[in-house]
Amino acid sequence: DAGITQSPRHKVTETGTPVTLRCHQTENHRYMYWYRQDPGHGLRLIHYSYGVKDTDKGEVSDGYSVSRSKTEDFLLTLESATSSQTSVYFCAISEQLTEQFFGPGTRLTVL
Amino acid sequence: EDKVVQSPLSLVVHEGDTVTLNCSYEVTNFRSLLWYKQEKKAPTFLFMLTSSGIEKKSGRLSSILDKKELFSILNITATQTGDSAVYLCAVNSNSGYALNFGKGTSLLVTP
């Protein structure tokens with residue numbers, strides 16, 4: 001398996017609180033991605049990064065921000081969590097614009 | 001807008017059966033089509049296809065892409081209970097970074 005870890009693995013928070021999810025890779029891959037997975041919608045891209053400090057929005061970026069200050073770390077922040085952001089969040093990495101490898105996921109519940 | 005449609009949505013078979021999962025797509029500037037297997041955790045990469053008519057095989061799993069008719073199939077022969085999972089199809093275009101996923105086919109293999 002690709003060396004990808006996500007933390008925390010589970011989190012319960014309240015509406016209006018900020019939340020940061022971390023993705024850490026040991027593969028030195030250039031590209032990193034954040035997806036969310038919801039029943040009936042499948043996996044949808046939130047944000048991605050194509051290098052240190054280089055990020056851009058995906059399909060469902062509203063309410064989320066990201067940062068990548070080091071090759072190995074990609075942070076996803078929910079500035080003010082809402083119940084609609086209850087989801088499973090997956091980080092993925094790729095060396096080129098080809099196959100992506102997924103981390104174990106973070107289950108986030110916003111009450 | 002890119003679109004990926006998988007069929008059937010769910011399938012129940014007996015151990016030893018052969019199954020065929022379908023994925024049709026519409027994407028501008030197609031680059032590749034990928035198959036993933038998802039058990040109750042992160043998606044794991046199975047195949048990537050970029051050229052039409054070429055079959056990719058790994059053990060009992062195989063996949064083929066038809067770029068003219070815009071679809072792919074994933075075959076699993078001699079199914080086992082360990083094949084029970086959701087199978088995800090995704091497409092990648094030359095004009096973006098995201099993988100666009102279908103909603104998946106849920107396969108249950110009964111003993």
- Message: Please classify the contact between B/L88 and chain A as side chain, backbone, both or neither, with a heavy-atom cut-off of under 4.5 Å.
- Response: side chain
- Name the member of A/G105, A/G40, A/G58 that forms the most heavy-atom pairs with chain B at distances under 4.5 Å. A/G40
- Evaluate the ring planes of A/Y48 and A/Y50, with Trp represented by its six-membered ring, and classify them as parallel (under 30°), tilted (30 to 60°) or perpendicular (over 60°). tilted
- Is it the side chain or the backbone of A/T98 that comes within 4.5 Å of chain B heavy atoms, both, or neither? both
- Does one hydrophobic cluster hold both B/L11 and B/L74, with members joined at side-chain heavy-atom distances below 4.5 Å? yes
- Message: Side chains of A/T77 and A/T20 only: does a donor on one sit below 3.5 Å from an acceptor on the other?
- Response: yes
- Item | A/L45 versus chain B, the contacting section by heavy-atom distance below 4.5 Å | side chain
- Note on the structure: Bottom line for B/L34: the part with an atom under 4.5 Å from chain A's heavy atoms is side chain
- Message: Given heavy-atom pairs under 4.5 angstrom as the criterion, report whether the side chain, backbone, both or neither of B/F45 touches chain A.
- Response: side chain
- Examine whether an atom of B/F47 lies under 4.5 Å from a heavy atom of chain A, and if so say whether it belongs to the side chain, the backbone or both; otherwise answer neither. neither
- More than 12 non-hydrogen atoms from neighbouring residues, nucleotides or ligands closer than 6.0 Å to CD on A/E14, yes or no? no
- Task: Taking atom types as modelled, find out whether B/S93 and B/N29 have a side-chain donor-acceptor pair closer than 3.5 angstrom.
- Result: no
- Message: Please determine whether a side-chain nitrogen of the Lys or Arg among A/R22 and A/D73 lies less than 4.0 Å from a carboxylate oxygen of the Asp or Glu.
- Response: yes
